[in-house]
Engineer: 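Below: one structure in structure tokens.
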Amino acid sequence: MKTPALPPAAPPPERNFFADVHAVTRLVPPGRVTSYGAIAHYLGAARGARTVGYALMAANLDAATLRREEAVPAHRVVNRLGQLTGRGHFPTPTAMQERLEAEGVQVADDAVVDFEKLFWNPATELP
DNA sequence: CCCTTGACGGGCT
DNA sequence: GAGCCCGCCAAGG
């Protein structure tokens, strides 16, 4: 029968997209910020910016596994406008801003000041 | 299996 | 220059 020969093992490339996002995020140096789209583009999923954010959220949830949420400095990742759109997912609404300020990053009106100057592009900074 | 939501981005109006 | 709409990837109901 034409059993739908299920592919014995056509496991889609387990592109641990999440782990990959976490890794890139960890490479973001303190005092610098990057954007979801930049990470997504660096990973090949130029249009997967949203997925990047999802991965970061999962990262915080997996913080226990990572030992510490600081392992993934998600506060250094903002949207393309430099806005702290993910602040609502931190323990406190101001945690993200405070962490950035603790690194010398000025935040005004929920947005990174001199975002373009502090912007850290993985595709450019990383080999 | 289909529909909706979500830490986004880019294009058009 | 700001606002609106559509598109992408993944997960949950």
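The chains referred to below are lettered A, B, ... by the order of the sequence lines, with proteins before strands, and numbering in each begins at 1.
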Engineer: Phosphate oxygens OP1/OP2 of B/dC8: is one of them under 4.0 Å from a side-chain N or O of A/T51?
Structural biologist: no
Engineer: Would you say the side chain of A/T34 lies within less than 4.5 Å of the side chain of A/I39, judging by non-hydrogen atoms?
Structural biologist: yes
Engineer: Nucleotides 2-5 of chain B: which of its N/O atoms have a protein N/O under 3.5 Å away?
Structural biologist:
none

Engineer: Does either side chain, that of A/E98 or that of A/H75, offer a donor lying less than 3.5 Å from an acceptor on the other one?
Structural biologist: no
Engineer: Anything under 3.5 Å between a protein N or O and an N or O of nucleotides 9-13 of chain B, put it in a table, one pair a line.
Structural biologist:
unit_1: B/dG9; atom_1: OP1; unit_2: A/G37; atom_2: N; d: 3.2
unit_1: B/dG9; atom_1: OP1; unit_2: A/R80; atom_2: N; d: 3.2
unit_1: B/dG9; atom_1: OP2; unit_2: A/R80; atom_2: N; d: 2.8

Engineer: List in numerical order all residues of residues 106-118 of chain A for which some heavy atom is under 4.0 Å away from an atom belonging to DNA chain B.
Structural biologist: none
Engineer: Work out which heavy atom in A/V113 is nearest to a heavy atom in A/L118; give both atom names and the distance.
Structural biologist: O-CD1, 3.6 Å
Engineer: Where is the tightest heavy-atom contact between A/G31 and A/E103, given as atom of each residue plus distance?
Structural biologist: N-OE1, 3.1 Å
Engineer: Name every donor-acceptor pair, under 3.5 Å, that has one atom in a side chain of residues 78-90 of chain A and the other anywhere in the protein, sequence neighbours excluded.
Structural biologist:
unit_1: A/N79; atom_1: OD1; unit_2: A/L81; atom_2: N; d: 3.1
unit_1: A/N79; atom_1: OD1; unit_2: A/G82; atom_2: N; d: 3.0
unit_1: A/N79; atom_1: OD1; unit_2: A/Q83; atom_2: N; d: 2.6
unit_1: A/N79; atom_1: ND2; unit_2: A/Q83; atom_2: OE1; d: 3.2
unit_1: A/R87; atom_1: NH1; unit_2: A/D110; atom_2: OD1; d: 3.0
unit_1: A/R87; atom_1: NH1; unit_2: A/D110; atom_2: OD2; d: 2.2

Engineer: If we only count heavy atoms from C-beta on, is the A/W120 to A/L126 side-chain gap below 4.5 Å?
Structural biologist: yes
Engineer: According to side-chain hydrogen bond (donor to acceptor under 3.5 Å, both in side chains), who are the partners of A/E101, at least two apart in sequence or on a separate chain?
Structural biologist: A/Q97
Engineer: Please find the pair of heavy atoms, one from A/A45 and one from A/F17, that lie closest to each other, and give the distance.
Structural biologist: CB-CE1, 3.9 Å
Engineer: Tell me the closest heavy-atom pair linking A/T25 and A/P73, and the distance in Å.
Structural biologist: O-CG, 3.4 Å
Engineer: What's the shortest heavy-atom distance between A/M96 and A/A74, and which atoms?
Structural biologist: CE-O, 3.9 Å
Engineer: Given side chains that start at C-beta, do those of A/Y36 and A/L56 come closer than 4.5 Å, heavy atoms only?
Structural biologist: yes
Engineer: Side chains of A/L27 and A/P122: does their closest heavy-atom pair fall under 4.5 Å?
Structural biologist: no
Engineer: Could you tell me the boundaries of the chain A footprint on DNA chain C, defined by atoms under 4.0 Å from its heavy atoms?
Structural biologist: C/dG7 to C/dA11
